[in-house]
Amino acid sequence: MPYNFADIEKKWQARWENSHCFESHTDTSKEKFFCLEMFPYPSGALHMGHIRNYSIGDVLARFLRKKGKNVLYTIGFDSFGMPAENAAIKFKTKPHDWTLSNIAYMTEQLKRMGYSYDWRREAITCLPEYYRWNQWIFLQMYKRGIVYQKEAPVNWCETCGTVLANEQVVDGGCWRCGTPVHKKNLKQWFIRITDYAQELLDDIEKDLNPGWPRRVRIMQTNWIGRSEGARLTFKIPELDYELDAFTTRFDTIYGVTFIALAPEHELVRKMQSVMNDDDAKKLSEFVKLVSSQSSIERSDAGAEKLGFKTPFYGINPVTGKKIPIWIANYILIDYGTGAIMGVPAHDQRDFDFCRKYDIPIIPVINPKDGTILDGATMTHAFEEDGIACNSGQFDGMKTEDAIPAMIDWGEREGICKREVNFKLRDWLISRQRYWGTPIPFVYCDKCGVVPVPEEQLPVILPEDVEVKEVGRSPLLDRPDFLNTTCPHCGGPARREADTMDTFFCSSWYFDRYCSPGDTNAPFEKSDVDYWMPVDQYIGGIEHACLHLIYARFFAKFLTDIGLTKYREPFTRLLTQGMVIKDGAKMSKSLGNTVDPTEMVKKYGADTIRLFILFAAPPNNDLEWSDRNVEGAHRFLNRVWRYVEENAENLKKYGGKVIPMSEIKAGNLRDFKRKIHTTIENVTHDVYDEKQFNTAIARLMELTNAIYSLNDDTPEAWELKREAVDVLLNCLSPFCPHITEELWEMLGHSDMLCLAPWPESDDSAMVQDSVIIVAQINGKVRGKFERPAGMAKDELERSIMGEQSIADKTAGKEIVKVIVVPDKLVNIVVKG
RNA sequence: GCGGGGGUGGCGGAAUGGUAGACGCGCCAGACUUAGGAUCUGGUGGAGUAAUCCGUAGGGGUUCAAGUCCCCUCCUCCGCACCA
C-alpha cells in the first residue's frame, strides 16, 4: 500500500475535529501553556511565511500537550485595514465581503495543514463582537486621560490617504506602500503611550531578557530612545515669548551662538505676525520649501542644511548674551521641544550649519591633550569629552564632571531643569479610512466632543458601502452613519468619521483568545489571569517596533485599570526568519512565490511541514528548495514503507519493553541505547533549543538505525517495536497525520496526539564501551575502543601500551599526559 | 557613522574548549529493473600511490588541546541614523 497522504491527512483532520481533542479549558489545577502566533491579515491566501510561522507553533503546541500541559493554541484574523479597501475599488466588491471570503479560504488552508487550533477561540477583528471591545477599551483610556485629541504636524501618506503613527514611518516612507511621508497639520486622536515610556524601557531588561531575542530588545530600546539632559528657556523680549530647548550638553551653554527652530514650531507663526510683509513672505517661502521636502530628504544625515535668519534674538540665560534665532530644516518638531541651542564648536550638525551661514564658533571645551581649539580654524566639531574653557567659573572642569555640576548650578539658579527626554512619541491612532473600528465619539455643536456611552456600543461600521476612491472615506457620504444625537444634550450631532489604527485590534487579541465570545466584557478576568501571559510567541521581526510595543503598552494599561494582572504579555519571543527563493524574499512583485496549496496537493501537509522545519533552524532565513522538499517526502515514504511492510511483526511484539539490563547482544544494546538517546536529544532540541532541524535529524538517524538492524530474533523485534513507537511519537508534532495513521496501523487504540511524550531511560543510555581518541601533541594518532568508565591512570597505561602509539613516542621525552575519561588521551612529547 | 548578528564541504546546515563537517540535498560507483527522475548498497572537504600533510574569512594570542576563548583586520546581512 503506497503512502497515500491525501486520504490520510483528510481522515485525521476529520478525526481531530470530531473528537474536539484540541479544545482547551481554563483549569487552574493544570499547568498551562499559551502558544501564540502572530495572526494573519486575510490578504487572500496563506503564503510560505505563514506556513513557517504556524508550523513552528504547531510543533510546540503538540509537543507541550504531550508533555501534559494544558495548551491554549488558536488563531484569528487581523481583518481590518487598507488592502480590503484597495481590493474593493479594484474588484468592485465590498471590503466586508472581500475580507470574509478571504477568511473562509485561508481557514480552509490552515485546516488543510493540520494545525491543532482550538477553533472555538478564533478572533476576527472586523466583526462587531470584537471591535466593540476596541471601542470600549478606547473609552476606558479616554476616562483615564490616556486618549486625547490635538492638532499637530503629523505624518501623512498621500497614497494611503491617511495619517500614520511614527512607528509606521519606515525610512521616511509609509510602512505599507513606501510613499514618502510629509508633515501635515491636523487635529487627531492620540494615545499617551509616552506615559509608559520609562516602564516600557525598564521592563525590557527586567522581564524580557533572556526570553526575547537581543536584537528585538535593542531595537525597542533604541526606539524608546531615552536621553538625559536639561531643559532651559531663552527669553525673547521682542515677542514676549519664552522658548524652551532641551539639551544633553548643558555644559556647552557658554558656546551657544545661535538658536534654531523647526519650521513647524508655533513660534514661527507668531514671528510672521509681527514681521513686515516682505520678510514674512520670505519666511513663508522658506517654510514651504522645507515642508515640500519629504521626511526622507529632511532626515538624511547627509542632506544639505538649510536655514533662515529671523530678525529676532533670544537671551542666553547664563551669559545674558543676545543669540540670533534661525529656522532650520534639520530641527525636528517631533523631538524635544522642536528648538535647539546651537553649539557649533561641539556638535557636528551645528558646525556644518554655522560654516555655511557664517555664524561664529566659540569653543568651550578643549581636548584633554592640551590642544587649544580656535573657532576660526576648526575643521570639525569637537564632540568628545575634554576640559571646559570660556565657561566662567566652570573653566578647567572635565566634561564628565562639568555636566552634572553645571546642571546642579543651573537648577539652583532657576535657569534649567533636569529632564529626561524620549524619542517615543504618543501613538497617533486616527485613520482617515473606512475599513476600521469607528472611534466612539460624536461632535455636538453645543457640547463639543462627546464620548459614546458604553451601553450604546458598538458603534457599528456600515457594511454595505461602496469604496470608490482612495483618500475619501465612504463614511463621509453616509448620513445614516454620520448623523446622530448627542448623548449629552440629545441635540443633533455628528459621528467621528475617522477609524482606529488596526494596531489597536492586534494589541489585545490574545486576551480575547482566553475567553472567546464573551458578550459582557472584552474577556473574563479569571480566564486571562489563568492563561496570560503568553508563554511562547512566534512571529516576524518586522513587528519589533510596531505591534510588539503597542501590545506591551496595552498590557500595562489594562493591568493599571485592574482588568488583568500581568505587565508583560509575551514571556518568550521567537522571531522566525524569512522564506527566501533564488536569494530574495518570496514576494508577488518578484514573482518568486511558491503556493502552499499546490505544494500540499503534490506532497501533502506533512511533507511541507517537515521540509520547512528541517531546512534551517527557525530563526534563520530559509531557502526554498524543491529538491529538499523531495528529500523530506522521501524520508516520510521511508518511514511509511518500514512500518507498513513490517506491520505484522511489529504488531506481534507490541507492548513489552525490555529493560537494558536484560539485553546481552551488543548490537541490540546499541540499538536500545539509540532509542533512548534519541528521546533525550529530541526532547532537548525541541523544548530547550527550539532547534527543530536537529531534532528531525535525530529522528532520521533513528530511522536509519531501524532499517539497519538485521536481526530477526523475538528480542530484536520487541526492540524494533519500541523504536518505531518512539519514532512515530517523537515525529508526530512535526508530521502529525502520517504518524497517526501508522500508530493506528500498529494497533494503538488511542490517538497519537493524545499519547504522552516518551520518557528516556537513563539506564538505557549507559555506554558499554567508548572510543578513546589518542593524541600526540594534540594531533589525532589513533582511536581505540575501551570499556566505559576506565580510571584515568588505567586508561593512560592502556593507550600508551598500544603498539602504534608506543612506536610514535619511542625515544621521545614525555612531558605530560592529559587524560579525559571516556574521551581522549593526549601525550605531550618533546624532541 | 553607531549598534547587533553572521562568515564552516558543491549546497542547506551540525558540533558542553576534547575525533570538524551530524542529518539532508547534490554528486560518483554499483545492485535490482523493460525503464528509472522509484528503491537499495557503498563512497563523497582538499592534496598525495601511501605514510601523511593541509583545512572552520585573514593575521596574532591563550591552552596539552581552539570553529568554539582573547586581540587586530577584512567581508557580509540586519537595525538605527541630523534624536539636540
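Order of the sequence lines sets the chain letters (A, B, ...), proteins ahead of strands, with each chain counted from 1. In this text, all values refer to a predicted model and were calculated from it rather than measured experimentally.
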By nearest atom, which of the nucleotides [options] is closest to the [X] side chain?
{"X": "A:Tyr335", "options": "B:A81, B:A84, B:G24", "result": "B:A84"}
{"X": "A:Arg627", "options": "B:A84, B:C25, B:A15", "result": "B:C25"}
{"X": "A:Phe614", "options": "B:U19, B:A15, B:C23", "result": "B:C23"}
{"X": "A:Lys423", "options": "B:G18, B:C80, B:A84", "result": "B:C80"}
{"X": "A:Thr694", "options": "B:G24, B:A15, B:U19", "result": "B:A15"}
{"X": "A:Gln691", "options": "B:U19, B:A14, B:G18", "result": "B:A14"}
{"X": "A:Pro617", "options": "B:C82, B:C23, B:A14", "result": "B:A14"}
{"X": "A:Met700", "options": "B:C23, B:A84, B:G3", "result": "B:C23"}
{"X": "A:Ile218", "options": "B:G4, B:C23, B:C64", "result": "B:G4"}
{"X": "A:Ala615", "options": "B:C78, B:G18, B:G12", "result": "B:G12"}

Would you classify [X] as touching base, sugar-phosphate or nothing, given that sugar-phosphate means primed atoms plus P, OP1 and OP2, and contacts are heavy atoms under 4.0 Å?
{"X": "A:Glu623", "value": "nothing"}
{"X": "A:Asp352", "value": "nothing"}
{"X": "A:Leu332", "value": "base"}
{"X": "A:Asn421", "value": "nothing"}
{"X": "A:Glu630", "value": "nothing"}
{"X": "A:Ile827", "value": "nothing"}
{"X": "A:Arg698", "value": "nothing"}
{"X": "A:Asn704", "value": "sugar-phosphate"}
{"X": "A:Val828", "value": "sugar-phosphate"}

Take the protein atom [atom1] of [X] and the nucleotide atom [atom2] of [N], then report the distance between them rounded to whole Å.
{"X": "A:Tyr330", "N": "B:A84", "atom1": "OH", "atom2": "P", "answer": "13 Å"}
{"X": "A:Ile612", "N": "B:G13", "atom1": "CD1", "atom2": "P", "answer": "14 Å"}
{"X": "A:Asn628", "N": "B:C11", "atom1": "CG", "atom2": "C1'", "answer": "8 Å"}
{"X": "A:Glu680", "N": "B:U16", "atom1": "CD", "atom2": "P", "answer": "15 Å"}
{"X": "A:Asn620", "N": "B:G5", "atom1": "CG", "atom2": "P", "answer": "15 Å"}
{"X": "A:Leu699", "N": "B:A22", "atom1": "CG", "atom2": "P", "answer": "18 Å"}
{"X": "A:Asp685", "N": "B:G13", "atom1": "CG", "atom2": "P", "answer": "16 Å"}
{"X": "A:Asp822", "N": "B:U16", "atom1": "CG", "atom2": "P", "answer": "18 Å"}

[X] side chain near [N] phosphate (N/O to OP1/OP2, under 4.0 Å):
{"X": "A:Arg214", "N": "B:G5", "value": "yes"}
{"X": "A:Lys816", "N": "B:C64", "value": "yes"}
{"X": "A:Lys779", "N": "B:U52", "value": "no"}
{"X": "A:Arg634", "N": "B:G26", "value": "yes"}
{"X": "A:Asn329", "N": "B:C82", "value": "no"}
{"X": "A:Arg641", "N": "B:C40", "value": "yes"}
{"X": "A:Asn693", "N": "B:A14", "value": "yes"}
{"X": "A:Ser227", "N": "B:A84", "value": "yes"}
{"X": "A:Arg781", "N": "B:U52", "value": "no"}

Test: [X] and [Y] ion pair at under 4.0 Å:
{"X": "A:Asp670", "Y": "A:Lys674", "answer": "no"}
{"X": "A:Asp768", "Y": "A:Arg673", "answer": "yes"}
{"X": "A:Arg781", "Y": "A:Glu802", "answer": "no"}

Review point. Can you find a heavy atom in the side chain of A:Ile738 that is under 4.5 Å from one in the side chain of A:Trp640?
Key: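 With C-beta onward as the side chain, the pair touches.
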Applying the Watson-Crick and G-U wobble criteria at under 3.5 Å, what pairs with [N]? Answer none if nothing qualifies.
{"N": "B:U76", "result": "B:G5"}
{"N": "B:G30", "result": "B:C40"}
{"N": "B:G45", "result": "B:C54"}

Check your understanding: Going from CD1 on A:Ile224 to SG on A:Cys545, what distance comes out if it is rounded to the nearest 0.5 angstrom?
Key ->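 One gets 8.0 Å once the value is rounded to the nearest 0.5 Å.
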Point to revise | Atom pair OG1 (A:Thr399) and CZ (A:Phe382), whose distance is rounded to the nearest 0.5 Å | key: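 Going from the OG1 atom of A:Thr399 to the CZ atom of A:Phe382 covers 7.0 Å.
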Review point. For the side chain of A:Asn222 and the base of B:C80, is some donor closer than 3.5 Å to an acceptor across the two?
Key: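 Checked by distance alone, the answer is no.
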Review point. Is a donor-acceptor contact shorter than 3.5 angstrom present between the side chain of A:Lys808 and the base of B:U52?
Key: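 For A:Lys808, whose side chain was compared with the base of B:U52, there is no donor-acceptor pair (under 3.5 Å).
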Would you measure the distance from the [atom1] atom in [N] across to the matching atom in [M] and give it in whole Å?
{"N": "B:G43", "M": "B:G21", "atom1": "C1'", "answer": "16 Å"}
{"N": "B:U62", "M": "B:U52", "atom1": "P", "answer": "29 Å"}
{"N": "B:A81", "M": "B:G4", "atom1": "C1'", "answer": "14 Å"}
{"N": "B:C69", "M": "B:U16", "atom1": "C1'", "answer": "14 Å"}

Review point. Taking the six-membered ring for Trp, are A:Phe353 and A:Phe258 ring centroids under 6.0 Å apart?
Key: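 Yes: the rings meet the under 6.0 Å criterion.
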Review point. Pick one: which of A:Leu824, A:Val773, A:Val825, A:Asn826 meets side chain to side chain contact (heavy atoms under 4.5 Å, CB included) with A:Ile799?
Key: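 Result for side chain to side chain contact (heavy atoms under 4.5 Å, CB included) with A:Ile799: A:Val825.
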Check your understanding: Does A:Phe692 have A:Lys690 sitting over its ring (NZ/CZ under 6.0 Å from centre, angle to axis within 45°)?
Key ->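 Checked: cation-pi criterion not met.
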Check your understanding: Under the rule syn = chi within 90° of 0, otherwise anti, which is B:G9?
Key ->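 Syn.
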